[in-house]
Amino acid sequence: MLSPKEKVAYDVPPGWKVETPGTLVGFEDNKGRPIAIMHGVSTYRSDACPTVPGSYRGHTGFATAGDLAPTAAARAGVSVFARGVALRDNGSRAPISRTQLAGIRVDRGKIEAEYARATVSLNDKSDCGSPSVVVVAVAFRTGPHATALFIGYFDQGVRDALQISTARKIFTTLRPYTR
């Protein structure tokens, strides 16, 4: 998958749906205003629940970070997307637990990046719900004043959940794209 805007690419395992280049995915507030949007999107387990149109078990993609330092971008990215996942119809938010920021290597070990993770405890018992969602952010410099910010969020506690070890393999494939 390629994000021409960030000039960064990544690989997804077989069976994932690589969305069209103009596809945007994310979360809105309760008034329909976007609060967390990604592009360069791939979907894990598209149509995961046959009775729920548009269902899925996870997404990966890019959010714009501009020239934020990778540490700040990873922290902000995981926070914004976790808050989007956690927002309930009544305006309250599900509990969010965060892990510490950590280093991770991308581009098959060539580039040092920052990794942040949060878990949202949804306890969603609906037909297609999940007990929790893991939100991750990986950020790294792509130039002196440019940072790529990669986001993933994945249902957890369901039989078809993405293993975090598989997600980490995807992160390591992040790389600058040049023609």
Side-chain angles (χ1 to χ4, degrees), residues 1-6 8-65 74 76-99 115-139 149-174:
M1 182 64 192
L2 167 67
S3 171
K5 184 176 184 179
E6 275 77 23
V8 176
Y10 67 100
D11 300 334
V12 293
W16 283 56
K17 180 179 181 188
V18 175
E19 304 293 348
T20 59
T23 298
L24 300 175
V25 172
F27 302 96
E28 297 176 336
D29 66 16
N30 290 336
K31 294 182 180 177
R33 295 178 298 228
I35 55 173
I37 302 295
M38 68 170 61
H39 57 276
V41 177
S42 294
T43 302
Y44 174 66
R45 301 266 314 142
S46 183
D47 298 320
C49 306
T51 60
V52 181
S55 60
Y56 58 87
R57 289 294 183 206
H59 285 123
T60 57
F62 295 95
T64 301
V78 81
S79 179
V80 167
F81 276 83
R83 290 176 49 84
V85 169
L87 184 62
R88 295 179 172 144
D89 290 342
N90 66 6
S92 68
R93 293 196 193 280
I96 301 170
S97 63
R98 289 183 178 79
T99 59
Y115 169 86
R117 177 176 163 175
T119 301
V120 181
S121 298
L122 297 176
N123 294 318
D124 184 346
K125 296 177 180 17
S126 66
D127 288 344
C128 197
S130 68
S132 63
V133 174
V134 168
V135 181
V136 296
V138 177
L149 175 58
F150 186 74
I151 304 289
Y153 52 92
F154 313 104
D155 289 351
Q156 297 295 288
V158 292
R159 81 176 156 68
D160 55 351
L162 181 72
Q163 299 298 313
I164 298 305
S165 60
T166 301
R168 285 185 72 86
K169 288 178 187 175
I170 295 168
F171 309 152
T172 64
T173 70
L174 286 162

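Sequential numbering from 1 along the given sequence is applied to the chain's residues.
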Problem - 4.5 Å side-chain heavy-atom contact, E6 and T64 - result: yes

Handout entry: Y153 and F27 aromatic ring geometry - parallel, tilted or perpendicular at 30°/60° bounds
Key = tilted

Fill in the blank from the handout: Shortest non-hydrogen pair, A139 vs L149, comes out as CB-CD1, 4.1 Å

Practice task
Side-chain contact test, heavy atoms from C-beta onward, threshold under 4.5 Å: evaluate it for V133 versus S121 and give yes or no.
Solution key: no

Practice task
Side-chain contact test, heavy atoms from C-beta onward, threshold under 4.5 Å: evaluate it for V135 versus V85 and give yes or no.
Solution key: yes

Fill in the blank from the handout: Between A137 and V78 the two heavy atoms that sit nearest each other are CB-N, 3.7 Å

Problem - Note, L2 side chain near P4 side chain (heavy atom, < 4.5 Å) - result: yes

Handout entry: Backbone N/O of A48 and side chain of S55: donor-acceptor pair under 3.5 Å
Key = yes

Problem - Closest contact, heavy atoms only, S130 versus S132 - result: OG-O, 3.1 Å

Fill in the blank from the handout: One should read off an interatomic distance between S46 OG and H59 NE2, to the nearest 0.5 angstrom, of 7.5 Å

Exercise for the section: Using a 4.5 Å cut-off on heavy atoms from C-beta on, say whether the side chain of V138 contacts that of L174. Expected result: yes

Completion exercise
Value for CD1 (I170) from CE (M1), rounded to nearest 0.5 Å, stands at 12.5 Å

Fill in the blank from the handout: The reported gap from CD in Q156 to CZ in R57 (rounded to nearest 0.5 angstrom) is 10.0 Å

Handout entry: Pair Y10 + F62: ring centers closer than 6.0 Å
Key = yes

Exercise for the section: Check whether any side-chain heavy atom of C128 lies under 4.5 Å from a side-chain heavy atom of T51, and answer yes or no. Expected result: no

Problem - Side chains of H39 and V25 in contact at under 4.5 Å (non-hydrogen atoms) - result: no

Fill in the blank from the handout: All heavy atoms of A116 vs all of A74, minimum pair found to be CB-O, 3.7 Å

Completion exercise
OG1 (T172) and NZ (K169) are apart, to the nearest 0.5 Å, by 9.0 Å

Practice task
Answer yes or no: is there a side-chain heavy-atom contact under 4.5 Å between V136 and F171?
Solution key: yes

Check: residues 86-96 side-chain donor-acceptor pairs under 3.5 Å, at least two apart:
from	atom 1	to	atom 2	distance (Å)
N90	OD1	S92	N	2.9
N90	OD1	S92	OG	2.6
R93	NH1	R83	O	2.7

Practice task
Drop me the distance from F150's CZ to T60's OG1, to the nearest 0.5 angstrom.
Solution key: 4.0 Å

Completion exercise
Residues pairing under salt bridge (charged side-chain N to carboxylate O under 4.0 Å, His left out) where one sits in residues 20-46, two or more places apart or in two chains, turn out to be D29-R33, R45-D160

Practice task
Could you pull out the closest heavy-atom pair between T173 and D11, with the gap in Å?
Solution key: OG1-N, 2.9 Å

Exercise for the section: Please report the shortest heavy-atom distance between L162 and A167, naming the atom on each side. Expected result: CD2-CB, 3.9 Å

Problem - Between OG on residue S42 and CD on residue E19, distance to nearest 0.5 Å - result: 7.5 Å

